[in-house]
Amino acid sequence: FKYNASTETTEIGEILNELIKNESVIKDFHSNKTYLRFQPNFLYENSEKLIQNGLLTSLDNLKDNWVYLFEFNVRNSFVKFDLKIGRGDQKIREKLYNIYSKNKNFFQRMGKKEIAPEWHLSFQKMILTQDEILSFMESGDTENVREIITARFRNLIDNDLAKYIQIINE
């Protein structure tokens, strides 16, 4: 029998969207059905320091800045959180690449490769596995999947985002 995967991924996306909108330390960023994005308030609160350190240009409008790309990739076979160096000012991208490369214990997806021209994956975390999504599709247990997503979202915000901010502030 066939599942209506789009319904489940829509529900999962709605749960993540709700978590993003209700989280005080991040702002919603250009999202669509597959990629739910946010920006840490840290970027806004520390823009002066980031400009001084060459990690933002004074002309950058953060509301349209893709260099710092935080996104949930919602598919019907997985949900992952990706942190990427997005497209934008090449000098800033290279500075971020160097910072991330020096901290490979955290930015475990950096590898030895050169910086990609547009989207460079640097950090990734599984939010929902294929088995968890299949289980949700079979059971329809929205509360269970919400608990799993919420716990992993909290861990991401409270631990990983905090560590990210610490590294950028060094």
Side-chain angles (χ1 to χ4, degrees), residues 1-43 63-88 93 96-97 99-101 103-165 167-168:
F1 53 103
K2 194 174 175 188
Y3 298 112
N4 185 357
S6 65
T7 303
E8 280 81 6
T9 53
T10 299
E11 271 188 79
I12 290 166
E14 286 168 0
I15 293 167
L16 278 166
N17 248 329
E18 189 181 304
L19 289 167
I20 291 168
K21 284 181 177 25
N22 292 328
E23 179 53 52
S24 62
V25 299
I26 60 177
K27 292 180 184 332
D28 192 22
F29 188 63
H30 306 278
S31 294
N32 57 42
K33 197 174 175 183
T34 306
Y35 295 101
L36 303 174
R37 301 182 179 106
F38 67 85
Q39 290 179 320
N41 291 345
F42 157 81
L43 295 174
K63 288 183 175 79
D64 214 27
N65 183 314
W66 290 80
V67 173
Y68 296 89
L69 191 56
F70 298 79
E71 64 186 12
F72 293 98
N73 185 348
V74 181
R75 304 289 172 154
N76 56 13
S77 56
F78 64 81
V79 178
K80 291 179 182 173
F81 169 78
D82 295 337
L83 171 59
K84 297 175 182 168
I85 300 172
R87 61 176 185 247
R93 294 179 82 247
L96 278 177
Y97 179 84
I99 291 169
Y100 293 3
S101 293
N103 292 279
K104 284 186 182 165
N105 55 333
F106 180 76
F107 298 102
Q108 79 280 22
R109 297 306 302 259
M110 287 301 289
K112 290 182 168 70
K113 55 194 181 289
E114 292 296 306
I115 189 168
E118 264 194 316
W119 316 108
H120 192 95
L121 183 63
S122 56
F123 176 92
Q124 189 171 65
K125 192 163 204 159
M126 185 65 72
I127 302 299
L128 280 180
T129 65
Q130 185 167 9
D131 287 346
E132 289 165 332
I133 290 174
L134 283 173
S135 171
F136 171 50
M137 288 171 156
E138 287 170 6
S139 70
D141 188 347
T142 306
E143 280 318 299
N144 181 50
V145 83
R146 179 183 298 279
E147 283 174 24
I148 295 169
I149 293 169
T150 302
R152 292 182 184 153
F153 179 87
R154 281 269 43 96
N155 184 314
L156 181 78
I157 297 298
D158 297 342
N159 299 316
D160 300 317
L161 184 59
K163 178 71 175 159
Y164 176 83
I165 291 168
I167 290 168
I168 295 296

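Worth knowing before you read on, the calculation uses all heavy atoms, side chains too, and leaves out hydrogens, waters and symmetry mates. The structure presented is a predicted model; accordingly, all values stated were derived computationally and were not measured.
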**Report entry** Heavy-atom closest pair, residues H120 and I115
**Finding:** ND1-CA, 3.5 Å
Query raised in the report: Is it true that a side-chain atom of S139 and a backbone atom of S135 form a donor plus acceptor pair closer than 3.5 Å?
Result: yes
Requested in this report: Mind listing the closest non-hydrogen atom pair of T142 and I15 along with its distance?
Outcome: CG2-CD1, 4.3 Å
Report task. Measure the spacing between CZ of F153 and CG of D160 and express it to the nearest 0.5 Å. Result -> 11.5 Å
Query raised in the report: Taking side chain as C-beta onward, heavy atoms only, is M110 less than 4.5 Å from Y97?
Result: yes
Report summary line: side chain to side chain donor-acceptor pair (under 3.5 Å) filter on D158, not counting sequence neighbours, yields R154
Requested in this report: Using atom types as modelled and distance alone, determine if a side-chain donor or acceptor of R109 lies under 3.5 Å from a backbone N or O of L121.
Outcome: no
Requested in this report: May I ask you to check whether F29 and F70 place their ring centres under 6.0 Å from each other?
Outcome: no
Query raised in the report: T9 side chain to N76 main-chain N or O, any donor-acceptor pair under 3.5 Å?
Result: no
Query - Partners passing salt bridge (Lys or Arg N to Asp or Glu O under 4.0 Å) against E18 (at least two apart in sequence or in another chain) - result: R146
Query raised in the report: Can you tell if the side chain of W66 reaches within under 4.5 Å of the side chain of H30, non-hydrogen atoms only?
Result: yes
Query - From L128 atom CG to S77 atom OG, the distance as rounded to the nearest 0.5 Å - result: 11.0 Å
Report summary line: CD1 of I168 to CG of L96, rounded to nearest 0.5 Å, is 5.5 Å
Requested in this report: Report yes or no: do Y100 and Y164 form a side-chain donor-acceptor pair below 3.5 Å?
Outcome: yes
Requested in this report: Quick one: pull up CG in N65 and NZ in K63 and give me the separation to the nearest 0.5 Å.
Outcome: 12.0 Å
Query raised in the report: Checking E147 side chain against N144 main chain: does a donor-acceptor pair fall under 3.5 Å?
Result: no
Query raised in the report: What's the verdict on side-chain contact (heavy atoms from CB on, under 4.5 Å) for F72 and N17, showing C-alpha distance, side-chain angles and the deciding distance?
Result: CA-CA 10 Å; F72 293 98; N17 248 329; over 6 Å; no
Query raised in the report: Do the side chain of R93 and the main chain of V67 share a donor and acceptor less than 3.5 angstrom apart?
Result: no
**Report entry** Sidechain-backbone polar pair: N32 side chain, Y35 backbone, donor-acceptor under 3.5 Å
**Finding:** yes
Report task. Assess whether side-chain contact (heavy atoms from CB on, under 4.5 Å) is satisfied between I157 and E23, documenting all intermediate values. Result -> CA-CA 9 Å; I157 297 298; E23 179 53 52; 3.9 Å; yes
Report summary line: Here the gap from L161 atom CG to I165 atom CD1, rounded to the nearest 0.5 Å, amounts to 4.0 Å
Query raised in the report: Does the pair K21/E14 count as a salt bridge with the N-to-O cut at 4.0 Å?
Result: no
Query - Test log, rule side-chain contact (heavy atoms from CB on, under 4.5 Å), inputs R152 and L156 - result: CA-CA 6 Å; R152 292 182 184 153; L156 181 78; over 6 Å; no
Query raised in the report: Mind checking whether F38 and V25 have side chains closer than 4.5 Å, heavy atoms only?
Result: no
Query raised in the report: How many angstroms lie between atom CG of L16 and atom CD1 of I127, to the nearest 0.5 angstrom?
Result: 7.0 Å
Query raised in the report: Going through the checks in order, is the side-chain contact (heavy atoms from CB on, under 4.5 Å) test met by T129 and I133?
Result: CA-CA 6 Å; T129 65; I133 290 174; over 6 Å; no
Just distance, no hydrogens or angles: give the donor-acceptor pairs under 3.5 Å from side chains in residues 78-85, sequence neighbours left out.
unit_1 : atom_1 : unit_2 : atom_2 : d
D82    : OD1    : Q124   : NE2    : 2.7
K84    : NZ     : E71    : OE2    : 2.8

